[in-house]
Enquirer: 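Before I ask anything, let me first share the structure, which is written out below as structure tokens.
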There are 2 protein chains.
Amino acid sequence: MTLPANRYRPNARQRGEDTWRRILDTALALFAAEGFDGASTREIAERAGVNLPAIQYYFGSKEGLYRAAIAHVGEQVVQTIAPITARVWDSLGSGTPSRAQLIKLLCELVNAVVTMFLDETLPDRENRSLFVSRVEIEHAAALDPLNEIMRQHLLAPGAALVGRLVDRPAEDEQVVLRALMILGQAKIFGSCSVVRSLGWNAIDESRVNSVQSIVNEHTRAICRALKGPA
Amino acid sequence: MTLPANRYRPNARQRGEDTWRRILDTALALFAAEGFDGASTREIAERAGVNLPAIQYYFGSKEGLYRAAIAHVGEQVVQTIAPITARVWDSLGSGTPSRAQLIKLLCELVNAVVTMFLDETLPDRENRSLFVSRVEIEHAAALDPLNEIMRQHLLAPGAALVGRLVDRPAEDEQVVLRALMILGQAKIFGSCSVVRSLGWNAIDESRVNSVQSIVNEHTRAICRALKGPA
DNA sequence: GATTGACAGTATCATTCGATAGACATAACG
DNA sequence: CGTTATGTCTATCGAATGATACTGTCAATC
């Protein structure tokens, strides 16, 4: 086949890195806006200012490009949430954290979700929300990693915290359901239609803070009502 | 053009009603599973056991069929929620309901969302969840009615109830945000990936009741913490 | 300075899609 | 019976799409 050995980005430091990056950025926006089927390679190439076969050259196929875009979003999500997740596991692993600490960590977890969906100082905010929403309805295998990230970095630590609060295992169904609902309060802001219906064209810091303080209030209220095993 | 006057279902009692219905049912399932672009008219026709032009004959176009499917889902959603919504407006319009009544109505509203997404005794449960999820990411105009239904029958009465509880107008941003978050707890169960990750292949009545009792507990806890204007 | 490999560009292929043309069948109705 | 409206079928069109074959360009390397 005589394909160059470094196709599909094995070593990035080459002449074409600009092109590679431009394609990825454009694809990210277009896939987010139009979905996998909706975004045509021709439009991606045109907006990125490259020719059509460049996509196959750099990413192997349209699906390869999609995977790369998803991976990029996944990294951003991990960067936003991983620090809090790590602190949760630390607290739960070492010693016996107080109820106040558990609740505080849960609030931070919820805040991270809000930040991920609403904070426009982070890059690609809208694309991130859209991809995370797509996880739920597009069966595309390329979206699985993102789904797994959300499960491991949000639901799992959330359930672990709630489990401690009600003195039950984190795998207990009631515990998982409670964690899902608490996180659901924040996840609703991943919906573009919700953000749009709020009339929020720009999302400044005060709005993010406002959402976080309210969702923290709710989370604390829920946790306060959580006594030992029912 | 000599088109028959009763095209596109003006009067339904004709010979072709079976065909019409079979196309709509098949399309409902396929559009839900694959999206508008993903579901081809050829596959719809094949699975419905009709020929390809039958879709244009009965629904004018693929988009017409999509609209019909959305409208059908919309009616189901309205049927599930409208009774509770009506009771909310009744209570708020006549007299001054007690806090306990307001909270009870809010719980019923939230329960309706859970029912809508999880109750498998209602027809087309999964299709309904998928369409509602698609509302958030597909800009298709055909989905707007569904979006509007959710806003008028869930968010608006929810915000009205919360507004009374905190003694603020229903349009107040903080009030709307609180209502969104409370409903978000239930809305998370519209996510197929969530239901799947719970390992719930079948959703029996006990599971629905379990979810509802927990979400009611949370909602009451949140409302208890809601005192007059901050 | 010739060669080689990384990249860019043009032209084109094969497939799939929604839609339509137009023939055919059948039931309703005078 | 004959006409007309209603519904079904086969065949096909035109457009859009992902992918590829092939050529051209240019910098690095020996």
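For the numbers below, each heavy atom of this structure counts, side chains included, while hydrogens, waters and symmetry mates do not. Here the structure is a predicted model, which is why all the values come from computation and not from measurement. Letters A, B, ... are given to chains in the order of the sequence lines, protein chains preceding strands, and every chain is numbered from 1.
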Enquirer: Give the nucleotide from the list dT10(D), dG18(C), dA19(D) with an atom nearest to the side chain of Ser61(A).
Expert: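 Among the listed nucleotides, the one closest to the side chain of Ser61(A) is dA19(D).
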
Enquirer: Can you tell me the distance, in whole Å, between the CG atom of Leu52(B) and the C1' atom of dC9(D)?
Expert: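 Whole-Å distance recorded here is 11 Å.
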
Enquirer: I need the CD-P distance between Glu17(B) and dA27(C), as an integer number of Å.
Expert: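 Taking atom P of dA27(C) as the reference, CD of Glu17(B) is at 17 Å.
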
Enquirer: Looking across every strand, which nucleic acid part, if any, lies under 4.0 Å from Ile55(B) by heavy atom: base, sugar-phosphate, or nothing?
Expert: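 No contact.
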
Enquirer: Distance check: side-chain N/O of Thr41(A) vs OP1/OP2 of dG18(D), anything under 4.0 Å?
Expert: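 The answer is yes; a side-chain N or O of Thr41(A) sits under 4.0 Å from OP1 or OP2.
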
Enquirer: Classify the angle between the aromatic ring planes of Phe31(B) and Tyr66(B) as parallel (below 30°), tilted (30 to 60°) or perpendicular (above 60°).
Expert: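 Perpendicular, since the angle between the ring planes exceeds 60°.
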
Enquirer: Whole angstroms only, please: what is the CH2-C1' distance between Trp20(A) and dA8(C)?
Expert: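 About 19 Å, once rounded to whole Å.
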
Enquirer: In whole Å, what is the span from the CD1 atom of Ile23(A) to the P atom of dC7(C)?
Expert: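 Those two atoms, CD1 and P, are 11 Å apart.
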
Enquirer: Would you call the rings of Phe189(A) and Trp200(A) parallel, tilted or perpendicular, where under 30° means parallel and over 60° means perpendicular?
Expert: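 Because their plane-to-plane angle is under 30°, the rings of Phe189(A) and Trp200(A) count as parallel.
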
Enquirer: For Ala45(A), which contact category applies under a 4.0 Å heavy-atom criterion: base, sugar-phosphate, or nothing?
Expert: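 No contact.
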
Enquirer: Rounded to whole Å, please give me the gap between CZ in Arg42(A) and C1' in dT15(C).
Expert: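 From Arg42(A) CZ to dT15(C) C1': 12 Å.
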
Enquirer: Between Gln56(B) and dT20(C), is there a contact of a side-chain N or O with OP1 or OP2 at under 4.0 Å?
Expert: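 Answer is no, no contact under 4.0 Å.
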
Enquirer: Between Glu43(A) (CD) and dG18(D) (P), how many Å, whole number?
Expert: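 Spelled out: CD on Glu43(A) to P on dG18(D) is 10 Å.
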
Enquirer: For Glu43(B), look at atom CD and say whether over 12 heavy atoms of other residues, nucleotides or ligands are found less than 6.0 Å away.
Expert: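 More than 12 within 6.0 Å, yes.
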
Enquirer: Without decimals, in angstroms, what is the distance between Glu34(A) CD and dG18(D) P?
Expert: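 The distance from CD of Glu34(A) to P of dG18(D) comes to 12 Å, rounded to the nearest Å.
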
Enquirer: Side chain of Tyr57(B): nearest nucleotide among dG7(D), dG18(D), dA11(C)?
Expert: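 From the listed options, dG7(D) comes nearest.
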
Enquirer: Are any of Tyr58(A)'s side-chain N or O atoms less than 4.0 Å away from OP1 or OP2 of dA8(C)?
Expert: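 Yes, such a contact exists.
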
Enquirer: Please name the pair of heavy atoms, one in Gly35(A) and one in Arg134(A), separated by the smallest distance, quoted to 0.1 Å.
Expert: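 Residues Gly35(A) and Arg134(A), closest heavy atoms: N-NH2, 3.3 Å.
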
Enquirer: Side chain of Thr19(A) only, heavy atoms from C-beta on: which candidate in dT17(D), dC7(C), dA8(C) is closest?
Expert: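 Side chain of Thr19(A) sits closest to dA8(C).
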
Enquirer: Tell me: CG of Asn51(A) to P of dT23(D), nearest whole Å?
Expert: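 Going from Asn51(A) (CG) to dT23(D) (P), I get 17 Å.
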
Enquirer: In Å and rounded to the nearest 0.5 Å, what is the NE2 to OG1 distance from His218(B) to Thr219(A)?
Expert: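 Rounded to the nearest 0.5 Å, the NE2-OG1 separation comes out at 10.0 Å.
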
